Amino acid sequence: MTLSDIDFPTPGEGDDCRMVREILDLVGDKWTLYIIATLKDGPVRFNELRRRIDGISQRMLTINLRGLERDGLVKRTLFPTIPPRVDYELTEVGRTLLVPVMALVTWANTNQENIQDARVRYDAS
């Protein structure tokens, strides 16, 4: 696939470009990739999500989950127990993100040493 194979919005389709940019910003957000990857195997409770995603604060997890829920990528289920239990899972549309997200995660894991080496060489020059 080359860039010419991609159907980019043409100039004059400002609303389409803006919407695509917003979606790409959401998907490319620092925490979204981790959240999507963590939900790949099914529903996960809020606190379990927080434990599995190293470094995310409760506030940032809440903000990101709300955004993903708003966009229809994540479903929130509240169980009326004491204390309340909340599960999150990918929606059907959210599950379609798994292939590209997991490809990015795999690529990052595979190339992290190469990128770190390149940074060291660049910074040394």
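Scope of the values below: all heavy atoms of this structure, side chains included, with no hydrogens, waters or symmetry mates. Keep in mind the model is a prediction, meaning the values are calculated, not measured.
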Asks: Taking side chain as C-beta onward, heavy atoms only, is Leu90 less than 4.5 Å from Leu73?
Replies: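 No - every pair of side-chain heavy atoms lies 4.5 Å or more apart.
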
Asks: If you apply the rule side chain to side chain contact (heavy atoms under 4.5 Å, CB included), what do you find for Asn47 with Arg51, and how did you get there?
Replies: CA-CA 6 Å; Asn47 285 325; Arg51 278 191 291 275; 3.9 Å; yes

Asks: Is the shortest heavy-atom distance from the side chain of Phe46 to the side chain of Leu61 under 4.5 Å?
Replies: yes

Asks: If you take all heavy atoms of Lys40 and Arg95, which pair is closest and at what distance?
Replies: O-NH2, 3.3 Å

Asks: Would you indicate whether the side-chain heavy atoms of Ile35 and Tyr88 approach each other to under 4.5 Å?
Replies: no

Asks: Mind checking the CG-OG1 spacing from Leu68 to Thr32? Nearest 0.5 Å is all I need.
Replies: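 Rounded to the nearest 0.5 Å, the CG-OG1 separation comes to 5.0 Å.
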
Asks: Does the side chain to side chain contact (heavy atoms under 4.5 Å, CB included) test come out yes or no for Leu98 and Ile36, once each step is laid out?
Replies: CA-CA 7 Å; Leu98 283 174; Ile36 298 294; 3.9 Å; yes

Asks: Hey, mind stepping through Arg45 and Arg85 against side chain to side chain contact (heavy atoms under 4.5 Å, CB included) and telling me if it holds?
Replies: CA-CA 7 Å; Arg45 293 177 75 166; Arg85 176 180 155 194; 3.4 Å; yes

Asks: So, Asp117 and Arg119, do they make that salt bridge, N to O below 4.0 Å?
Replies: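 Salt bridge flag = no for Arg119 with Asp117.
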
Asks: Do Thr91 side-chain atoms and Gly72 backbone N/O form a donor-acceptor pair below 3.5 Å?
Replies: yes

Asks: Taking the side chain as everything from C-beta on, heavy atoms only, tell me whether Glu89 gets closer than 4.5 Å to Leu39.
Replies: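 Sidechains of Leu39 and Glu89: no contact.
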
Asks: Of all heavy-atom pairs between Ala37 and Met102, which one has the smallest distance, and what is that distance?
Replies: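 What the structure gives for the nearest pair is CB-SD, 3.7 Å.
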
Asks: Around atom CZ of Arg66, are there more than 12 heavy atoms from other residues, nucleotides or ligands closer than 6.0 Å?
Replies: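 12 or below, so no.
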
Asks: Is the shortest side-chain heavy-atom distance between Gln116 and Val120 below 4.5 Å?
Replies: yes

Asks: Applying the side-chain contact (heavy atoms from CB on, under 4.5 Å) test to Tyr34, which of Ile53, Asn64, Asp54 qualifies?
Replies: Ile53

Asks: Would the number of heavy atoms belonging to other residues, nucleotides or ligands and lying under 6.0 Å from OH of Tyr122 be above 12?
Replies: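 Not buried by this count: 12 neighbours or fewer within 6.0 Å.
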
Asks: Under a single-linkage definition using a 4.5 Å side-chain heavy-atom cutoff for Ile, Leu, Val, Met, Phe, Trp and Tyr, are Leu78 and Ile63 assigned to the same hydrophobic cluster?
Replies: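 Result: yes, single cluster for both.
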
Asks: For Ile56 versus Trp31, what's the shortest heavy-atom pair and its separation?
Replies: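 That would be N-CH2, 3.5 Å.
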
Asks: Whether Arg18 and Glu22 form a salt bridge (side-chain N of Lys/Arg under 4.0 Å from carboxylate O of Asp/Glu) is what I want to check.
Replies: no

Asks: Is the closest side-chain heavy-atom distance between Val44 and Asp87 below 4.5 Å?
Replies: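 A side-chain contact is absent here, since even the closest heavy-atom pair is not under 4.5 Å.
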
